[in-house]
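So the structure is just underneath, and the comments pick up after that.
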2 protein chains.
Amino acid sequence: MTRRSSSVTIRDVARQAGVSVATVSRYINQNAPVSPEVAERLDKVMTELRYVPHAAARHLASRKTRVVGLLLNNLHNDFFVPLLNGIEAVIRQKGYNLIVATYHEDYRNQMNPPIGPHNTDGLLVFADGLFDEDLASMNASGFPMVLVHRTPPPSLSIPSVTVENVEITHKLVDHLIQVHGRRRIMFLRGPVHQEDSARREMGYKAALQANGIPFDENLILSGDFERDIAYQVMDRFLGNGNRVAFDAVFTGDDDAAIGVLRALHQHGLKVPEDVAVIGFDDLGFAPFLNPPLTTVRAPTESVGRIAAERLFGLLENRQFDEEVVVLPTEIIFRRSCGCSY
Amino acid sequence: MTRRSSSVTIRDVARQAGVSVATVSRYINQNAPVSPEVAERLDKVMTELRYVPHAAARHLASRKTRVVGLLLNNLHNDFFVPLLNGIEAVIRQKGYNLIVATYHEDYRNQMNPPIGPHNTDGLLVFADGLFDEDLASMNASGFPMVLVHRTPPPSLSIPSVTVENVEITHKLVDHLIQVHGRRRIMFLRGPVHQEDSARREMGYKAALQANGIPFDENLILSGDFERDIAYQVMDRFLGNGNRVAFDAVFTGDDDAAIGVLRALHQHGLKVPEDVAVIGFDDLGFAPFLNPPLTTVRAPTESVGRIAAERLFGLLENRQFDEEVVVLPTEIIFRRSCGCSY
DNA sequence: ACGGTTACTGTAAACGGTTACAGAAAAAAC
DNA sequence: GTTTTTTCTGTAACCGTTTACAGTAACCGT
């Protein structure tokens, strides 16, 4: 058995069809006319030989990878399923490939970044922990990228797709206060530099103020937008002897809400009677939590889709009027806030 | 502005450091000794120039892509989050990249398959709809691949990682019958050629037979392991005037369970009083559904992890004793089957 | 002092495509 | 019937690495 080259190259195809490699290449890429007879012959030869162009060779020669990268912090959250779904739909339709990488600390000073210009034609960036200067350096060479759930730093002009957080959170907290009479509302932060989290906190604080309720630092915990962490944090908080009184929790997102519900339940607190609970995202399971979760419906799949479309817009030098797209959100009232359901 | 080549190449590095490109390459890949002075100089020059090796050139020359592909049907299911998570952890630790593609019909006769040998060093395959002959042709050239949640066809020897389905489903149905006195148990199939679904159905039928309950074709529906589809199917079934009596549903998986719960609820059926419901996978939300879902805990993240490790085993020519790994599963009793909770 | 390793380095040929350039033949324009 | 354009094709350079081959210098044992 010949060890070398089990793979058939463009030269094999050319020889077999009696044409030059240039012609084959042109036919494959449809970027120059080819006579009908040759086309037919090539079709036959290529399927016969099961020819598949070697991606790397193609990339090297054409300077295009036909790959876009998705950079994210982790893959713990059910939130990513609709997001990925939206992204994938566009990518596939464009005949591109998607490469997924997680960001972690040593990404910055590492000399082999998992994804970047050497690898991809453009990047979708969903990563807090990526600071403004990181973005600046990535963006420096004009490498196409689109931010997801994060707006660009003022100095940079990077397209961005996100959802409305502040007003909707404000409304939600208003609802807790005005409709259900809650006044001791806990807020679970997301990851430290997560923008959604920061904005939701803004909305939360604004609503407290608007309703004349003093802000209490003791009512802020960090749930990290993760089930397990939210659970642990809440569990520890409740286990604490001298715990602060509270009658509602804004959990940050639906995933954290699951953890919170479990912790409350285990400590014998009734939702919504003792404690109202609200989430964010309206993930598929939200209507079936125990009790059904009041939450904010965020068009996550659309975010993915639109972000991907923007990226292709960049790749194709198309223009968009607005740089930052903020998709509208909507409150879904269910039982967990105290509504009748 | 110079349009061409904003990127610094290995030649730039070589020139700047006063060595040959071969030396630079060897230092980068650590596959031949380099004098300490040169090493130091290279370090400096490379960070100074922000040199990042061009992936495609590397792939082309070395015949290795340092990429593994994940082929799956769709991205609708929350099930994929833990799976992806397990896979990603291993991939990253190996310094590889992960490229995700969805399988659809025209994958087969298409001449530009999204992922394959031209693209990746190996494949993780989670895709029903991929028939034995597809697998055979993909596997023909000895291209490394590992099957996920699917055992290889008898003629092929492809490593595979899956979970135990038959016995556990048998036990679960036994439980419904013997403990909760259910006798009209509906079964929701998954996607047509999904192996988990087929095995669960085997367990289901075996349990009926073992308990002397005749199998009723009318109690079989197709939920496709998807929330929305399961909901629609169940909704239509319940809306049907002359509907068949049933007192339990094995929903196939937790995602479908969500849809079923919603449909039952909307039609005024109480779970578990009127209808017992059980799922499969024990996804993160299962304990918080309404009511908490009795389900089977499947070690999905481990499946991902182990599958990825297997694949690297193949890439590194390591040997494993067993070709098919079947991870154990475990029933988690909660309220939805009728247990007290 | 001498042959044999070992440590390090460079030259140049791949790897498998794309594409600028050039040219021939056929079609269109005059 | 010539000129011009259009359609189609081929040759060969290039994309940025790796690596076989070859070679030099230092080290080692005797």
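Order of the sequence lines fixes the chain letters, A, B, ..., with proteins taken first and strands second; residue numbering starts at 1 for each chain.
In terms of the side chain to side chain donor-acceptor pair (under 3.5 Å) criterion, A:Ser35 has no residue partners (sequence neighbours excluded). Judged as a ring-ring contact (aromatic ring centres under 6.0 Å, His included), and not counting sequence neighbours, the contacts of B:Phe79 are B:Phe126, B:His149. Residues passing the side chain to side chain donor-acceptor pair (under 3.5 Å) test with A:Arg66, sequence neighbours excluded: none. For the ring-ring contact (aromatic ring centres under 6.0 Å, His included) test, no residue two or more places apart in sequence or in another chain qualifies with A:Phe225.
Distances shorter than 4.0 Å separate none of the side-chain N or O atoms of A:Arg58 from OP1 or OP2 on C:dG16. A:Asn29 has a side-chain polar atom (N or O) that falls below the 4.0 Å cut-off from OP1 or OP2 of C:dT18. For A:Ser25 and C:dT18, the shortest distance from a side-chain N or O to OP1 or OP2 is below 4.0 Å.
Remark: C1' of D:dG16 and OH of B:Tyr51 are 7 Å apart, rounded to the nearest angstrom. Between A:Leu60 atom CG and D:dC15 atom C1' there is a gap of 4 Å when expressed in whole angstrom units. Straight-line distance from the NZ atom of B:Lys64 to the C1' atom of D:dT17: 15 Å, rounded to whole Å. Rounding to whole angstrom units, CG of residue B:Asn31 and P of D:dT17 are separated by 15 Å. Distance, B:His118 NE2 to C:dG17 C1': 13 Å, rounded to whole Å. The separation between A:Arg11 atom CZ and C:dA14 atom C1' is 11 Å, rounded to whole Å. To the nearest angstrom, P of D:dT19 lies 14 Å from CD of B:Gln30. Distance, A:His54 NE2 to C:dA14 P: 17 Å, rounded to whole Å.
Inter-residue side-chain proximity for A:Pro152 and A:Glu323 is flagged as met; some heavy-atom pair is nearer than 4.5 Å. Side-chain contact between A:Asn119 and A:Thr65: absent, with no pair of heavy atoms (C-beta onward) separated by less than 4.5 Å.
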| Along nucleotides 4-12 of chain D, 5' to 3', which nucleotides get a B, which get an S, and which get a -, given that the test is a protein heavy-atom distance under 4.0 Å? | ----SBBB-
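Which of C:dG17, C:dT19, D:dG16 sits closest to the side chain of A:Arg63 comes down to D:dG16.
To the nearest 0.5 Å, the span separating CG on B:Leu98 from CD1 on A:Ile99 amounts to 7.5 Å. Distance check, rounded to the nearest 0.5 Å: CD1 of A:Ile91 to CG of A:Leu124 gives 6.5 Å. Taking CG from A:Asn73 and CD from A:Glu226, the interatomic distance works out to 9.5 Å, rounded to the nearest 0.5 Å.
A stem is defined here as three or more consecutive Watson-Crick or G-U pairs, each with both distances under 3.5 Å; for DNA chain D these stems are C:1-30 with D:1-30.
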